[in-house]
Amino acid sequence: MTAEAGPRGAASYVPHAADALLLADVWAAGEHATRGRALVRTGTPFADDPRGWPAWLIVELMAQLVAAGAGLREVRPAVQPRLGLLLGVRAFTCDRDYFAPGTALEIEALESTRDEYGMGVFDCSVAAAGRRAASAMLSVYLPADVEAYLGSLEP
């Protein structure tokens, strides 16, 4: 994908549902870049009412965008998005403790490395009101069969 594709509902590309889905929509801006939007809302298990979303939740938002990017690139009819694993977070910075309810967030994930086994590293950022508010580097793993992989870890 070389040109930006228009926004699509995130639910089709992320294996999350209901209150667990933080992204509103997502689009690919290129082969190695994904962008998305979210609206901070209250009344969910993740919100700290009335303050909104705590800064730590932004890491999950970034991870969902990385998952959505993988889902966008693997779109096949009648195939559910695959579950991936967040392995690590480095250099997380955030300019606030909470994101207030109603705040529109723009999220970007830029793939810096990926191997044939499903390991990848993404430079992620979140902007609020057009200004960068958070950033982090996420290490992820997208196994071909997550259930088999998780089963192999059991003693």
Nearest heavy-atom approach of F92 to A55 is CZ-O, 3.5 Å

Separation between CD (E111) and CZ (F122), nearest 0.5 Å, reads 4.5 Å

So do Q64 and L21 actually touch side chain to side chain, heavy atoms under 4.5 Å?
yes

Value for OG1 (T113) from NE2 (H32), rounded to nearest 0.5 Å, stands at 11.0 Å

Practice prompt. Step by step, work out the side chain to side chain contact (heavy atoms under 4.5 Å, CB included) result for W56 and C94.
Written response: CA-CA 9 Å; W56 60 262; C94 190; over 6 Å; no

query: In the single-linkage hydrophobic clustering (I, L, V, M, F, W, Y; side-chain heavy atoms under 4.5 Å), do L153 and M119 co-cluster?
result: yes

Identify whether V140 and V59 are in the same connected component of the hydrophobic contact network (ILVMFWY, side-chain heavy atoms under 4.5 Å).
yes

Interatomic distance, OH@Y98 vs CH2@W53, rounded to 0.5 Å, equals 14.5 Å

Salt bridge or not between R51 and D97? Use side-chain N to carboxylate O under 4.0 Å. no

Take R90 and S139, measure what side chain to side chain contact (heavy atoms under 4.5 Å, CB included) needs, and give me the verdict at the end.
CA-CA 8 Å; R90 290 181 295 209; S139 299; 3.7 Å; yes

Heavy-atom side-chain contact between R114 and L142 under 4.5 Å: no

In this structure, CD of E106 is separated from CZ of R132 (nearest 0.5 Å) by 14.0 Å

Between A63 and L86, the two heavy atoms sitting closest are CB-CD2, 4.4 Å

- Task: State, with a plain yes or no, whether a side-chain heavy atom of L61 is found less than 4.5 Å away from one of L105.
- Result: yes

Practice problem: Would you sort out whether V26 and R35 count as a side chain to side chain contact (heavy atoms under 4.5 Å, CB included), showing the intermediate values? | Solution: CA-CA 6 Å; V26 61; R35 294 190 177 118; over 6 Å; no

Same hydrophobic cluster for L110 and V89, using side-chain heavy-atom links shorter than 4.5 Å among ILVMFWY? no

- Task: Compare all side-chain heavy atoms of L39 with those of T103 and state whether any distance is below 4.5 angstrom.
- Result: no

Taking the side chain as every heavy atom from C-beta outward, state whether V126 and M62 have any atom pair closer than 4.5 Å. yes

> Taking D49 for the side chain and T42 for the main chain, is one N or O donor matched with an acceptor at less than 3.5 Å?
Replying inline: no

Review point. Does the side chain of I107 reach to within under 4.5 Å of the side chain of L23, using non-hydrogen atoms?
Key: yes

TODO: Evaluate side chain to side chain contact (heavy atoms under 4.5 Å, CB included) for D123 paired with L138, printing each intermediate quantity in order.
DONE: CA-CA 7 Å; D123 295 314; L138 274 56; over 6 Å; no

dist E60:CD -> F46:CZ (nearest 0.5 Å) comes out at 6.0 Å

Between L65 and G36 the two heavy atoms that sit nearest each other are CD1-N, 3.7 Å

OH of Y141 to CG of L87, rounded to nearest 0.5 Å, is 9.0 Å

